Protein chains: 2
Amino acid sequence: MMRTMTLRKLRASRRRGSSAASEDATGGTGSRDERKQRTRRALLDAALELMQGERSFSSVSLREVTRSAGVVPAAFYRHFSGMEELGLALVDDSFKTLRRSMREARAAALPATHLIRRSVETFLGYAHTHRHHFQFIAKERFGGSSVIRFAVRKEVHLFTSELATDLARFPLAGKISTEDLQMIAALVVQSVMMATEAFLDMAPNEPDDAAQLYQQTEKQLRLIFIGAQGWRSKPATRA
Amino acid sequence: MMRTMTLRKLRASRRRGSSAASEDATGGTGSRDERKQRTRRALLDAALELMQGERSFSSVSLREVTRSAGVVPAAFYRHFSGMEELGLALVDDSFKTLRRSMREARAAALPATHLIRRSVETFLGYAHTHRHHFQFIAKERFGGSSVIRFAVRKEVHLFTSELATDLARFPLAGKISTEDLQMIAALVVQSVMMATEAFLDMAPNEPDDAAQLYQQTEKQLRLIFIGAQGWRSKPATRA
DNA sequence: AATTTCAGTGAACAGTTGTTGACTTTCATT
DNA sequence: AATGAAAGTCAACAACTGTTCACTGAAATT
């Protein structure tokens with residue numbers, strides 16, 4: 001709870017100094033709009049960075065964000081009405097990159113059976129290269145403000161729906177109703193997300209735990225597909 | 001971000017007034033030790049209450065806690081060294097009540113097949129009557145400080161282990177290694193916790209969604225058991 | 001009955017927070 | 001070249017934060 005540098009000193013060393021501000025975005029070239037988008041991204045990135053490791057989104061302050069974006073607090077309001085709006089923008093960003101990755105993976109023509117493995121692989125790839133985005137999602141899926149929480153859930157739901165339509169292309173999916181496919185997809189997404197989150201904040205010097213986690217998750221997926229194989233949807237009881 | 005009552009007025013109306021302080025614990029009868037434990041609980045309860053709905057644990061301030069516990073900030077340090085220690089105490093409390101419930105459920109002699117249903121029922125019962133405790137666990141499982149996060153995970157792991165030993169008593173569990181039982185138990189716990197969390201912060205005026213969620217979760221469990229039925233553990237590849 | 005122990009008090013501290021209004025400066029339009 | 005828009009600055013505000021210290025008063029010990 002102690003800062004070593006006073007506000008004044010920090011601000012004095014800001015212009016092209018960048019000693020403490022990690023994401024300085026002011027200055028530079030480009031059209032007015034480009035420059036604006038740049039500091040907007042600086043704010044988003046700063047917020048994401050600040051929650052790495054120990055903190056939750058709701059514990060990150062507006063001033064902290066502007067500080068490490070290299071901008072004065074008041075400037076924040078030129079981009080967002082408050083932290084909640086920034087949070088929603090982060091949800092958007094995170095899923096935009098995720099969906100892009102998955103769409104590319106899907107684009108490669110599929111031998112059906114390898115499709116799941118490929119999907120899981122690209123998902124893990126996403127989680128690895130965009131780990132900040134993923135960890136943000138993982139945290140805000142349960143914690144924090146309800147509006148952000150629901151935004152995340154809506155996106156996750158959409159994501160599982162896409163997986164469900166992929167599953168429908170499977171040969172042995174004939175006996176399974178679309179509703180049940182959705183339920184199976186939810187189970188898969190759940191497991192993979194959980195495992196990924198656990199994996200990401202594991203101590204990197206304990207590779208044994210990581211291997212064990214990976215094996216367990218693979219087994220879980222296999223068990224789910226065995227279950228799906230034996231599944232028989234009741235003829236939809238609809239009124 | 002605006003308080004309607006000034007600090008002075010609030011504090012003036014505190015003694016036996018209890019207009020804003022919901023968990024006033026000072027005064028009353030009992031031995032010294034009893035009185036101490038009472039305000040300790042008041043602090044814990046206040047913290048739990050403050051995070052209901054919108055907030056995460058890390059966004060609740062020490063002063064807020066003492067304020068709604070009806071105690072002066074400095075008194076906090078007679079019980080905890082800081083908010084983190086209080087958080088760990090909350091983890092402990094939450095799982096203590098959960099484990100007590102489950103142990104009782106297990107005590108009733110089991111017709112084996114009904115045991116799972118009974119377990120899920122008591123778990124849901126716990127989540128319903130101790131919803132504050134459960135929601136705390138659900139939030140801090142991913143968000144917030146790592147020491148609390150790991151404390152929660154350790155307890156969840158222990159919990160799934162207990163479920164795994166229960167599963168071992170099942171007739172058709174013969175072909176399954178203990179390691180694989182653990183992995184199946186993890187899958188079950190995961191699904192039930194997820195569903196419960198989703199259920200608890202659903203709008204209470206939308207019973208259709210609740211019913212649909214319940215059905216889906218039941219299906220998921222059934223599918224998992226179908227999978228378990230078809231599961232065949234490889235003869236343990238141990239060195 | 002005298003003394004120690006200690007949960008809770010009250011006040012002060014330095015620092016941080018969100019939000020505001022009037023300002024400068026720079027780009028894009030007229 | 002004059003004019004407008006607007007991204008970012010500066011300074012100030014009231015409120016809140018965690019932590020400290022010497023203190024009080026009542027229960028527990030002697």
Side-chain angles (χ1 to χ4, degrees), chain A residues 1-12 14-15 21 23-43 47 50 55 58-87, chain B residues 1-12 14-16 21 23-43 46-47 50 55 58-87:
Chain A
M1 307 303 156
M2 281 252 173
R3 300 270 164 201
T4 48
M5 222 176 178
T6 75
L7 265 236
R8 302 226 147 274
K9 281 192 68 169
L10 195 154
R11 194 157 296 297
R14 193 174 53 74
R15 283 263 164 219
E23 317 264 1
D24 201 322
T26 46
T29 54
S31 77
R32 189 125 97 181
D33 229 61
E34 284 172 330
R35 287 163 54 101
K36 175 163 186 181
Q37 292 308 317
R38 209 180 306 152
T39 80
R40 190 190 133 99
R41 292 193 74 88
L43 289 169
L50 281 166
R55 329 225 351 225
S58 57
S59 76
V60 173
S61 77
L62 186 151
R63 283 182 107 108
E64 276 180 304
V65 172
T66 60
R67 200 181 302 137
S68 69
V71 132
V72 99
F76 183 96
Y77 297 100
R78 304 282 180 206
H79 302 270
F80 307 102
S81 68
M83 282 298 283
E84 180 162 291
E85 199 171 294
L86 184 145
Chain B
M1 309 298 156
M2 281 250 175
R3 298 270 165 202
T4 48
M5 222 176 178
T6 75
L7 264 234
R8 301 226 147 275
K9 280 192 69 170
L10 195 153
R11 194 156 297 294
R14 192 174 51 77
R15 283 261 165 220
R16 295 274 65 104
E23 318 264 2
D24 201 323
T26 46
T29 54
S31 75
R32 190 126 97 180
D33 228 63
E34 284 173 331
R35 285 162 57 98
K36 176 164 184 181
Q37 291 308 317
R38 210 181 304 152
T39 80
R40 190 190 132 100
R41 291 193 74 88
L43 289 169
L50 281 166
R55 331 223 353 225
S58 57
S59 76
V60 174
S61 76
L62 185 151
R63 283 182 107 108
E64 277 180 303
V65 172
T66 60
R67 200 181 302 138
S68 69
V71 132
V72 100
F76 183 97
Y77 297 100
R78 303 281 181 206
H79 302 269
F80 306 101
S81 69
M83 283 297 284
E84 180 161 292
E85 200 172 291
L86 184 146

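Treat the numbers as computed from the prediction; the structure is a model and nothing was measured. Letters A, B, ... are given to chains in the order of the sequence lines, protein chains preceding strands, and every chain is numbered from 1.
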Can you give me the closest heavy-atom contact between A:G30 and A:R35, atom names plus distance?
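So the minimum-distance heavy-atom pair works out to O-CD, 3.6 Å.
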From [X] atom [atom1] to [Y] atom [atom2], the distance as rounded to the nearest 0.5 Å:
X     : Y     : atom1 : atom2 : result
B:S61 : B:L50 : OG    : CG    : 8.0 Å
B:R38 : B:T29 : CZ    : OG1   : 5.5 Å
A:R78 : A:L43 : CZ    : CG    : 13.0 Å
B:M83 : B:E64 : CE    : CD    : 8.5 Å

Within the structure, does a side-chain N or O atom of B:T39 lie under 4.0 Å from either OP1 or OP2 of C:dG8?
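Affirmative; the distance criterion is met.
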What N/O pairs connect the protein and nucleotides 27-30 of chain C at under 3.5 Å? Give each pair on its own line.
from	atom 1	to	atom 2	distance (Å)
C:dC27	O2	A:R32	NH1	2.9
C:dC27	O2	A:R32	NH2	3.3
C:dA28	OP1	A:R32	N	3.4

From [options], pick the nucleotide closest to the side chain of [X]?
X     : options                : value
A:V72 : D:dT9, C:dT17, D:dA7   : D:dT9
A:Y77 : D:dG8, D:dT19, C:dT20  : C:dT20
B:R63 : C:dT17, D:dT19, C:dT20 : D:dT19
A:A74 : C:dG18, D:dT9, C:dG10  : D:dT9
A:L62 : D:dG8, C:dA7, C:dG18   : C:dG18
A:S61 : C:dG18, D:dA7, C:dT19  : C:dG18
B:R67 : D:dC16, D:dT9, D:dT19  : D:dC16

Specify the angle, to 10°, made by the local axes at the two ends of the helix from C:dA1-D:dT30 to C:dT26-D:dA5 when five pairs are taken at each end.
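End-to-end axis angle for the helix from C:dA1-D:dT30 to C:dT26-D:dA5: 10°, rounded to 10°.
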Within this structure, what is the [atom1]-to-[atom2] distance between [X] and [N], rounded to whole angstrom?
X     : N      : atom1 : atom2 : result
B:E84 : D:dG18 : CD    : C1'   : 15 Å
A:R78 : C:dT25 : CZ    : P     : 16 Å
B:R40 : C:dG8  : CZ    : C1'   : 17 Å
B:M83 : D:dG18 : CE    : C1'   : 11 Å
A:E64 : C:dG18 : CD    : C1'   : 13 Å
A:K36 : D:dT9  : NZ    : C1'   : 16 Å
B:L50 : D:dT17 : CG    : C1'   : 15 Å

Applying side chain to side chain donor-acceptor pair (under 3.5 Å), name anything that partners B:E84, two or more places apart in sequence or on another chain.
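In terms of side chain to side chain donor-acceptor pair (under 3.5 Å), with neighbours along the sequence ignored, B:E84 is linked to no residue.
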List the residues meeting side chain to side chain donor-acceptor pair (under 3.5 Å) with A:E85, not counting sequence neighbours, and say none if there are none.
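Only A:S81 meet the side chain to side chain donor-acceptor pair (under 3.5 Å) criterion with A:E85.
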Sorted by first residue and then second, give each ring-ring contact (aromatic ring centres under 6.0 Å, His included) pair with at least one member in residues 61-85 of chain B; sequence neighbours left out.
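Only B:F76-B:F80 qualify under ring-ring contact (aromatic ring centres under 6.0 Å, His included).
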Would you please name every residue forming a side chain to side chain contact (heavy atoms under 4.5 Å, CB included) with B:A46, sequence neighbours left out?
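Partners of B:A46 under the side chain to side chain contact (heavy atoms under 4.5 Å, CB included) test: B:E23, B:V65, B:S68, B:A69.
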Would one find more than 12 heavy atoms of other residues, nucleotides or ligands at under 6.0 Å from atom CZ of A:R55?
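Buried by this count: over 12 neighbours within 6.0 Å.
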